[in-house]
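Please read these numbers as outputs of a predicted model, since none were measured by experiment.
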Amino acid sequence: MKFEEAISRVKPLDVHAMTIARKRWDSIAKPLHSLGKLETLIIQIAGMTGTSEIDISRRALIPMCADNGVVEEGVTQTGQEVTAIVADNFLKGITTACVMARQCNVDVIPVDVGIAVDTQVRTDLKVACGTKNMTKGPAMTREEAIRGIEAGIQIACELKEKGYNIFATGEMGIGNTTTSSAVASVLLGQPVEKMTGRGAGLSSEGLERKINAIKKAISLNKPNPEDPIDVLAKVGGLDIAGMTGLFLGGAALGIPVLMDGFISCVAAIIAVKLCPGVSDYILASHVSKEPAAHLVLKHMGKDAIIHGDMCLGEGTGAVALLPLLDMAVEVYSSMSTFGDIEIDSYEELK
């Protein structure tokens, strides 16, 4: 599916399904609205899927893996080779996200969208062997950015056909907090310093290099904030492109997509700017420890459930939301109603 087609297939949430789900919550034998945001999320999922019968039992975490040429500027603590190592470790099931995913019955399905070298991870959707150094020119061409987006859309379509009914976004790409900060700075019209953090443990000197690299890239490439694909191509990364496509594809297919942390949220912003209706199909999992995380969520009008100072990436925050959703679904689906136990229900008081 091309990205234009995905955009054209995004529909408003199903109001009828949401009304039924809301009535179901209100009939359950407990105080009204007492599970708070968990109730709201289940109602939203009903609207996404078009049914009040909630099923999120087939779930996948899709880490989009890609390298970023800007690492040449000394913006990271580790070398680019780590991307390939961790990508292979996704297949071995030995990353942090994999350990968490096993506890939550989540299948981990990594995709190579742009790793500098080939690994055991599938490469049929690979756009390039990493992006170029954005401080010396555009990170990639517009065509490459679109191909990266369409890689994410294709994965969404494949997993839909296999019966998956909820997606968690994840990423692996050394240097991608630099590209994410650059994209966020341009799209949100915020100073680079405000949108840039230490990533995976940079020193103060390293943080200064990172900020200067982003400023140089933006000044040189002049990304157009009114054109999200232009911004993605000039100062973004292929992992961000892949997650953007996953958000678009999920929305087009009526499947909930969980945002992870800062990098995932930046991809979500791009998807929503391409198609505002996509926002309704995105669930915020947690507030990243990255300094700009609150700003990004506020810009999207999203209220995350988990506030735990997480900043690991890989999709760990998105996976962490699933047990909470599982408990909410169980209450919603199996608990007795006031009618079942023959007592008066709570009334909505004003």
Side-chain angles (χ1 to χ4, degrees), residues 1-10 64 66 68-70 113-114 127-128 130-154 169 171 173 175-192 194-196 213-252 257 259 262-282 292 295-302:
M1 187 192 308
K2 299 297 183 182
F3 90 95
E4 296 95 341
E5 181 184 352
I7 289 171
S8 70
R9 290 178 60 175
V10 177
M64 295 292 181
N68 301 281
V70 72
V113 196
V127 176
T131 55
K132 297 179 176 62
N133 184 344
M134 66 183 187
T135 69
K136 298 177 180 178
M140 54 187 139
T141 66
R142 187 180 185 90
E143 179 188 17
E144 287 172 332
I146 291 172
R147 285 172 58 199
I149 291 171
E150 290 178 346
I153 294 171
Q154 181 169 328
T169 53
E171 41 63 39
N176 60 12
T177 60
T178 302
T179 54
S180 299
S181 294
V183 171
S185 177
V186 175
L187 291 181
L188 273 61
Q190 295 287 340
V192 171
K194 195 172 183 178
M195 306 305 291
T196 307
I214 294 171
K215 286 182 175 180
K216 183 178 179 181
I218 292 173
S219 175
L220 175 69
N221 294 299
K222 296 178 173 56
N224 179 4
E226 302 302 316
D227 183 351
I229 293 180
D230 184 64
V231 178
L232 172 63
K234 288 178 175 176
V235 297
L238 285 164
D239 47 357
I240 299 173
M243 288 188 291
T244 298
L246 194 60
F247 287 118
L248 285 171
V257 186
M259 287 195 300
F262 177 60
I263 301 162
S264 171
C265 290
V266 170
I269 287 176
I270 297 171
V272 171
K273 285 188 176 293
L274 289 170
C275 178
V278 170
S279 180
D280 289 338
Y281 292 82
I282 296 173
L295 286 172
V296 170
L297 287 170
K298 183 178 180 181
H299 176 82
M300 296 186 68
K302 296 292 181 182

Do you know the tightest heavy-atom contact between [X] and [Y]?
X	Y	result
Ala292	Met195	CB-CE, 3.5 Å
Ala145	Ala233	CB-CB, 3.9 Å
Ile270	Pro228	CG2-CB, 4.0 Å
Leu238	Ala66	CB-CB, 3.8 Å
Ala6	Ala252	O-CB, 3.4 Å
Asn68	Gly175	ND2-C, 3.9 Å

Once you round to the nearest 0.5 Å, how far does [atom1] of [X] lie from [atom2] of [Y]?
X	Y	atom1	atom2	value
Met64	Asn176	CE	CG	13.5 Å
Ser181	Ile263	OG	CD1	8.5 Å
Ser185	Ile218	OG	CD1	4.0 Å
Phe262	Thr196	CZ	OG1	7.0 Å
Cys275	Asp280	SG	CG	9.5 Å
Phe3	Thr244	CZ	OG1	11.0 Å

Does [X] use its side chain to pair, donor to acceptor, with the backbone of [Y] at less than 3.5 Å?
X	Y	answer
Asn221	Pro223	no
Lys302	Ser279	yes
Ser264	Met259	no
Ser180	Thr177	no
Ser219	Lys215	no

Should Glu144 and Thr131 be marked as a side chain to side chain contact (heavy atoms under 4.5 Å, CB included) after you check the CA-CA gap, both sets of side-chain angles, and the distance that decides it? CA-CA 9 Å; Glu144 287 172 332; Thr131 55; over 6 Å; no
Could you check whether any side-chain heavy atom of [X] comes within less than 4.5 Å of a side-chain heavy atom of [Y], counting everything from C-beta outward?
X	Y	answer
Leu232	Met140	yes
Thr179	Val266	no
Arg147	Val113	no
Leu188	Ile269	yes
Thr135	Val70	yes
Met300	Ile282	yes

Taking atom types as modelled, find out whether Asp230 and Asn224 have a side-chain donor-acceptor pair closer than 3.5 angstrom.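 Distance-only check fails for Asp230 and Asn224.
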Please assess Ile240 against Glu171 for the test side chain to side chain contact (heavy atoms under 4.5 Å, CB included), listing each intermediate value before the final yes or no. CA-CA 8 Å; Ile240 299 173; Glu171 41 63 39; over 6 Å; no
Would you find more than 12 non-hydrogen atoms of other residues, nucleotides or ligands less than 6.0 Å from Glu143 atom CD?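 Incorrect, the count does not exceed 12.
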Intermediate values then yes/no, side chain to side chain contact (heavy atoms under 4.5 Å, CB included), Met134 and Lys234: CA-CA 7 Å; Met134 66 183 187; Lys234 288 178 175 176; over 6 Å; no
